[in-house]
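Let me begin by presenting the structure, written as structure tokens, before commenting on it.
The figures that follow rest on heavy atoms only: side chains count, while hydrogens, waters and symmetry mates do not. Just so you know, residue 1 is the first one in the sequence shown, and it goes up from there.
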Amino acid sequence: MASIHVTVPIVFWGRQPPSHEITCICVTDEDKGIATGSKSGQICIWDLYRSTKDIVLRPRLLLFGSHGSILSLAFVQNWSGDRDRIVSVCDKGVISLWDGKDGTCLKTNSSLVGRHSGIKCLAQDKTKE
């Protein structure tokens, strides 16, 4: 039987997340969270809290494993209807699906490399069926 090796990065930070140059941002439909993509390929998931006076952003996860600079992000539904998945596309043409709860990269698709002139954004059809 072949053994499978999985590397799961664990990131700790203090009051501030590591600095990164933000290249894109997306907000959940419910305005409870934000995801930011960076030039270095990291994705940061932020919890959004509204108080009576302020809007507070708290970093929750830092995702590693992208193949290049993040160009676009979108929150998408999983099979149960929760919006806890994130789709990213990087400047190398790789599309990745991430678990927004634990930061795991669930799937990547690099078969589009060389077959497009550059993906610039992601969109989701929000019409009700």
Side-chain angles (χ1 to χ4, degrees):
M1 182 187 308
S3 63
I4 298 173
H5 299 283
V6 177
T7 303
V8 179
I10 298 174
V11 179
F12 296 98
W13 62 70
R15 293 189 179 273
Q16 299 293 325
S19 61
H20 62 248
E21 185 177 340
I22 294 175
T23 55
C24 59
I25 187 170
C26 69
V27 181
T28 62
D29 287 342
E30 306 83 22
D31 290 338
K32 293 182 179 178
I34 292 175
T36 56
S38 72
K39 191 172 185 177
S40 60
Q42 302 163 345
I43 299 169
C44 189
I45 308 298
W46 305 77
D47 288 327
L48 177 66
Y49 302 97
R50 295 177 188 265
S51 69
T52 54
K53 296 182 182 179
D54 296 318
I55 296 175
V56 178
L57 282 174
R58 286 218 174 94
R60 183 169 46 90
L61 286 172
L62 191 59
L63 287 54
F64 292 92
S66 176
H67 292 81
S69 177
I70 305 295
L71 298 177
S72 188
L73 297 167
F75 283 99
V76 295
Q77 287 183 1
N78 65 11
W79 295 109
S80 67
D82 297 329
R83 291 197 181 277
D84 64 353
R85 300 284 193 259
I86 298 165
V87 175
S88 68
V89 64
C90 74
D91 62 354
K92 306 282 193 249
V94 178
I95 298 173
S96 300
L97 177 65
W98 304 85
D99 186 316
K101 290 182 181 176
D102 65 12
T104 305
C105 183
L106 302 171
K107 186 171 183 126
T108 60
N109 184 335
S110 58
S111 63
L112 298 175
V113 175
R115 296 185 183 177
H116 61 82
S117 60
I119 299 171
K120 301 295 184 210
C121 67
L122 297 170
Q124 180 180 357
D125 182 8
K126 296 184 181 186
T127 59
K128 301 280 183 185
E129 295 180 10

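A 4.5 Å side-chain heavy-atom check between Ile86 and Ile45 finds at least one atom pair inside the cut-off.
Residues passing the side chain to side chain donor-acceptor pair (under 3.5 Å) test with Asp102, sequence neighbours excluded: Thr104. In this structure Ser38 satisfies the side chain to side chain donor-acceptor pair (under 3.5 Å) test together with Ser40, sequence neighbours excluded.
Cluster membership for Val56 and Ile25, using ILVMFWY side-chain heavy atoms within less than 4.5 angstrom, is not shared. Residues Val87 and Leu106 are members of one and the same hydrophobic cluster, defined by side-chain heavy-atom contacts under 4.5 angstrom among Ile, Leu, Val, Met, Phe, Trp and Tyr.
In this structure, Lys107 NZ and Ile95 CD1 are separated by 11.5 Å, a value rounded to the nearest 0.5 Å. Between atom CG of residue Leu61 and atom CH2 of residue Trp46 there is a gap of 12.0 Å, rounded to the nearest 0.5 Å. Considering OG of Ser69 and CD of Gln42, their distance stands at 11.0 Å, rounded to 0.5 Å. The CG atom of Leu73 sits 11.0 Å away from atom SG of Cys44, with the distance rounded to the nearest 0.5 Å.
Side-chain atoms of Ser72 never come within 3.5 Å of backbone atoms of Val89 as a donor-acceptor pair (strictly under, hydrogens ignored). Of the possible polar contacts, one joining the Asp99 side chain to the Lys101 backbone as a donor-acceptor pair under 3.5 Å is found. At distances below 3.5 Å, at least one donor-acceptor pair connects side-chain atoms of Thr23 with backbone N or O atoms of Ile70.
Heavy atoms only, all atoms of each residue included: Asp91 and Gly68 are closest at OD1-CA, 3.4 Å. In plain terms, the two heavy atoms of Gly33 and Leu48 that are nearest each other are N-CB, 3.9 Å. Between Ser88 and Trp98 the shortest heavy-atom distance is OG-NE1, 2.9 Å. Nearest heavy-atom pair across Ser96 and Cys105 is CB-SG, 4.2 Å.
Exactly one residue among Thr28, Ile34, Val27 makes a side chain to side chain contact (heavy atoms under 4.5 Å, CB included) with Phe75. That residue is Thr28.
Legend: salt bridge (Lys or Arg N to Asp or Glu O under 4.0 Å) pairs involving residues 42-51, not counting sequence neighbours, sorted by first then second residue: Asp31-Arg50, Asp47-Arg60.
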